[in-house]
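Take a look at the structure below.
Source: prediction; values computed, not measured. As the structure lists them, so they are numbered: ligands from 1, and atoms in each ligand from 1.
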Amino acid sequence: MTLRFAPPTNPTFTPDARIAEINIDPGFGQFFSDHMALADWNSETGWTNDRITAYGLLPMEPAGAVLHYAQEVFEGLKAYRHADGSVWLFRPDANARRLQESSRRMALPVLPVDDFLTSVHNLVALDERWVPHAAEQSLYIRPFIIANESFLGVRSAHDVIYCCITGPVGAYFKGGVQPVDIWVSRQYSRVANGGTGTAKCGGNYASSLLAQEVAYANGCSQVLFTDNAEHEFVEELGGMNFLLLTKDGELVTPPLNGNILPGITRDSLLKLAPLLGLTPVERPTRIADVYDGITAGDIVELLACGTAAVITPVGSLRDSETNTVYRPLRPEAPQGIALRNLLLDIQYGRVADPFGWTERVV
Ligand SMILES: *Cc1c(COP(=O)(O)O)cnc(C)c1O
């Protein structure tokens, strides 16, 4: 049965003046718009009770399964305001499909792509006034699915909630894009072979947080994880994919090896690279070769990418075993920034969309 996610009959909205005040400096993930989309799933009935309601508390008992066994998946995408006032999504079908893949891995029910898209479109259209107007600001959209059966037995839950919330977000980095310093963790792993690395799930984040604390303590702001078996090959950051640029114009990123999240930004950059004369390459990359390549001047830029921060130049890598710092020739990553600007120009409708990635909401 097709879900409708009909808007409430009498929605209430935060006054426009208050939204304008919030949107001066919304930060990231601090403010939420007026409504949320919800649907219930039960193993007998399937998806039911789809609705859009006021943003508020979820019905959950302390025995709710997600609180104990972390059966959960989520997505992250954005709605962008174009100069003419219209509001657009970027590749939302890719998020819908990835949520399905994540759900399969976490033994959660699969939400049909069209139902996902309906929920996002209707919710963003209803709360359209929350989509910021300033450059690099957007409405962040967070769909998620959680096990909500009140039962402590260990099996996949028979009651599940789909929910989607949104909120305005600013430029991820205040005061312009600054290169970030990265801690290369050769001690902790966030995912394991045969584990949940390709699923976008909260558990992967929980297992990355201690390494993140260690990174902070060492003056770094993010962690680059290496493979869990030998800690020899580069994988990705806690929530962003990793790329590097060679002096020959290759844009290199590790292949999706079962432990790397298939980022939509990653995929988009690989497809955009040729438009800027770069050659996209997916190949397994040893961390030792990254260090050697930086030292020899063969690797000239390091980049991290994801929906939240788009592309971030990596200014340095610090190895957790040797404590050695490696700085690429161009820490500001000018080519990476050119890719970033191209992607943003497409998302904000400032240039033609060569791949038909954007779709209009209102
Ligand atoms: C979400 C996420 C990314 C980035 O994916 P995008 O689709 O580009 O936002 C990368 N790595 C991890 C672990 C993630 O959860």
- Message: Show every ring pair (Phe, Tyr, Trp, His ring centres under 6.0 Å) that has at least one partner inside residues 291-328, sequence neighbours left out.
- Response: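 Residue pairs with at least one partner in residues 291-328: Tyr291-Tyr326.
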- Message: Is the distance between the ring centroids of Tyr140 and Phe32 under 6.0 Å?
- Response: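 Ring-ring flag for Phe32/Tyr140: false, centres at least 6.0 Å apart.
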- Message: With a 4.5 Å cut-off on side-chain heavy atoms, are Ile294 and Leu317 touching?
- Response: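 The answer is yes; the side chains approach within 4.5 Å.
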- Task: Establish, for the pair Arg129 and Phe13, whether the NZ or CZ atom is under 6.0 angstrom from the six-membered ring centre and no further than 45 degrees off its axis.
- Result: yes
Could you go through residues 355-362 and list every donor-acceptor pair under 3.5 Å that involves a side-chain atom there, pairing it with any protein atom two or more places apart or in another chain?
| unit_1 | atom_1 | unit_2 | atom_2 | d |
| --- | --- | --- | --- | --- |
| Thr358 | OG1 | Asp353 | OD2 | 2.8 |
| Glu359 | OE2 | His121 | NE2 | 2.7 |
| Arg360 | NE | Val362 | O | 3.1 |

- Note on the structure: Tracing side-chain contacts under 4.5 Å among Ile, Leu, Val, Met, Phe, Trp and Tyr outward from Val191 reaches none
- Task: Can you tell me which residues line ligand 1 if we count any heavy atom under 4.0 angstrom from one of its atoms, in chain and number order?
- Result: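 Those residues closer than 4.0 Å to ligand 1 by some heavy atom are Arg98, Arg190, Lys200, Tyr205, Glu236, Gly238, Gly239, Met240, Asn241, Leu261, Gly263, Ile264, Thr265, Gly306, Thr307.
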